[in-house]
Protein chains: 2
Amino acid sequence: MLSKKTKYAFHALTYLGKHRDQKTVLIHDISEEYGISHKFLENILLELRKAGILGSKKGKGGGYYLIKEPKDVALSKVIRLLDGPIALLPCVSLNYYEPCAECKSEALCGLNKVMIQVRDEMLNVLENKSLADILDKE
Amino acid sequence: MLSKKTKYAFHALTYLGKHRDQKTVLIHDISEEYGISHKFLENILLELRKAGILGSKKGKGGGYYLIKEPKDVALSKVIRLLDGPIALLPCVSLNYYEPCAECKSEALCGLNKVMIQVRDEMLNVLENKSLADILDKE
DNA sequence: TATTACCCTATAATATTTATAGACTTTATA
DNA sequence: TATAAAGTCTATAAATATTATAGGGTAATA
């Protein structure tokens, strides 16, 4: 399951996407809208900014804004950023690969093979759907 | 990511699948083979038994054995049993449905729609692949 | 009837996730 | 230029979930 962090990130991005006409949006406004702790959200937005998805402006009149086109923000990117691997096993993760501790041989592991399929099916959706697809439906 | 519990369950099932010729297999043998804590594994096997996947026999000469054909043990069943929902959001889970706390309207939620797609793609593999597919490759 | 091996519940240890705190920097504007 | 607004950053606390252990109970076998 996606963590709250990731869900909150999607909510924030949706809100920012809907308010692209404004120069900036306050953390406060987003946290109010979804009932998210201001400080918790702060950390999330910071990560999104460091990843180049959001921009920010300090000081009075400041806030956050989308720096990318919604269509260029793949859902997979957001999930990986906040939650880490999308794959169900570390040994089939493209971005966070690690061998499985108890596994003797990846080549001979039947689970490994199936989980590669699952991963690819998931990515097929998550890499090709973007913030734009979410915004469309709201 | 799958929990250790689920991974251990798959290992145990694989081991039991490979030793179907024997009447029973000791917890001990499985825990040795994969370096899993005996007691931890015990709880897992118990759950698999309660779910009707394994049978057991008490006393001397006892142990566990597969009660179903490997092809009839869908991977999705094992994951749901030990890990809970396969879906990435509670609001799109078929077996563990819950509304999302911060979500105002499921019908208007863009994430909801995409995550249904992801779930279906995952299930497309996990419902149709079984223990038999894992055994094949080992 | 002694021994083996699973049954079951409770609890402890650890790790992860979620949330909070507080001091700091930048910016607008009165 | 003083003040208040708003994001920055790091640390830590609280809550929750996962992983592991403990120990007595029950059934089967020889």
Open item on the list: With heavy-atom distances below 4.5 Å as the criterion, would you say the side chains of B:Tyr65 and B:Val25 are in contact?
Closed with: no
Open item on the list: Under 4.0 Å from OP1 or OP2 of D:dT21: is there any side-chain N or O of B:Ser37 that close?
Closed with: yes
Open item on the list: Taking any heavy-atom pair under 4.0 Å as a contact, classify B:Ile27: base, sugar-phosphate, or nothing.
Closed with: sugar-phosphate
- [ ] Ignoring backbone atoms, establish whether A:Tyr8 has a side-chain N or O less than 4.0 Å from OP1 or OP2 of C:dA19.
- [x] yes
Open item on the list: If the cut-off is 4.0 Å, is B:Ser3 near the phosphate of D:dT19, judged by side-chain N/O to OP1 or OP2?
Closed with: yes
Open item on the list: Within the 4.0 Å heavy-atom criterion, would you say B:Leu26 contacts the bases, only the backbone, or no part of the nucleic acid?
Closed with: sugar-phosphate
Task: Atom-to-atom span, NE2 of A:His28 to C1' of D:dA4 - whole angstrom - done: 16 Å
Task: Value in whole Å for how far the C1' atom of C:dC6 lies from CG of B:Leu45 - done: 10 Å
Open item on the list: With a 3.5 Å distance limit and no angle check, can you tell me whether B:Asn112 reaches the backbone of B:Cys109 through a side-chain donor-acceptor pair?
Closed with: no
- [ ] Specify the separation, in whole Å, of atom CG of B:Leu41 and atom P of D:dT21.
- [x] 12 Å
TODO: State whether A:Lys57 places a side-chain N or O below 4.0 Å from either non-bridging phosphate oxygen (OP1 or OP2) of C:dA28.
DONE: yes
Open item on the list: Quick check on D:dA20: is either OP1 or OP2 less than 4.0 Å from any side-chain nitrogen or oxygen of B:Lys4?
Closed with: yes
- [ ] Return yes if the base of D:dT21 and the side-chain atoms of B:Asn43 contain a donor-acceptor N/O pair under 3.5 Å, otherwise no.
- [x] yes
Open item on the list: At less than 4.0 Å, is any side-chain N or O atom of A:Arg49 found next to OP1 or OP2 of D:dG7? Yes or no.
Closed with: no
Open item on the list: Both A:Lys5 and A:Gly59 contact DNA chain C. Which one's nearest nucleotide lies toward the 5' end?
Closed with: A:Lys5
Task: Under 3.5 Å donor-acceptor pair, A:Asp83 side-chain atoms to C:dT17 base atoms - done: no
Task: Nearest-nucleotide comparison on DNA chain C, the residue closer to the 5′ end among A:Gly61 and A:Thr6 - done: A:Thr6
Open item on the list: Would you say that A:Ile79 contacts A:Leu126 through its side chain, given a criterion of any heavy-atom pair below 4.5 Å between the two side chains?
Closed with: yes
Open item on the list: Could you check whether any side-chain N or O of B:Asp83 sits under 3.5 Å from a backbone N or O of B:Ser3, counting only pairs where one atom can act as donor and the other as acceptor?
Closed with: yes
TODO: Would you mind reading off the distance between B:Glu47 atom CD and D:dT19 atom C1', rounded to a whole angstrom?
DONE: 13 Å
Task: A:Lys39 or A:Gly62, whichever maps to the more 5' nucleotide of DNA chain D - done: A:Gly62
Task: D:dA6 phosphate, OP1 or OP2, under 4.0 Å from A:Thr24 side-chain N/O - done: no
Open item on the list: When you group the ILVMFWY residues by side-chain heavy-atom contacts below 4.5 Å and let the links chain together, are B:Ile27 and B:Phe40 in the same group?
Closed with: yes
Task: Gap between atoms CG and P, on A:Leu82 and C:dT18 respectively (whole Å) - done: 10 Å
Task: Path from B:Ile53 to B:Leu26 over hydrophobic side-chain contacts below 4.5 Å - done: no
- [ ] Round to the nearest Å and state the distance from B:Leu46 atom CG to C:dA5 atom C1'.
- [x] 13 Å
TODO: Answer with base, sugar-phosphate or nothing: what part of the nucleic acid does B:Lys7 contact at a heavy-atom distance below 4.0 Å?
DONE: nothing
Task: Residue B:Lys60, side-chain heavy atoms: nucleotide from C:dC7, C:dT4, D:dT8 that is nearest - done: C:dT4
Task: Separation of atom NE2 in B:His38 from atom C1' in C:dC7, rounded to whole Å - done: 11 Å
Open item on the list: How many whole angstroms separate atom CG of A:Asp29 from atom P of D:dG7?
Closed with: 9 Å
Task: Selection from C:dC7, C:dA19, C:dT25 that lies nearest to any side-chain heavy atom of A:Lys58 - done: C:dT25
Open item on the list: Side-chain N or O of A:Ser56 versus OP1/OP2 of D:dA6: is the shortest distance under 4.0 Å?
Closed with: no
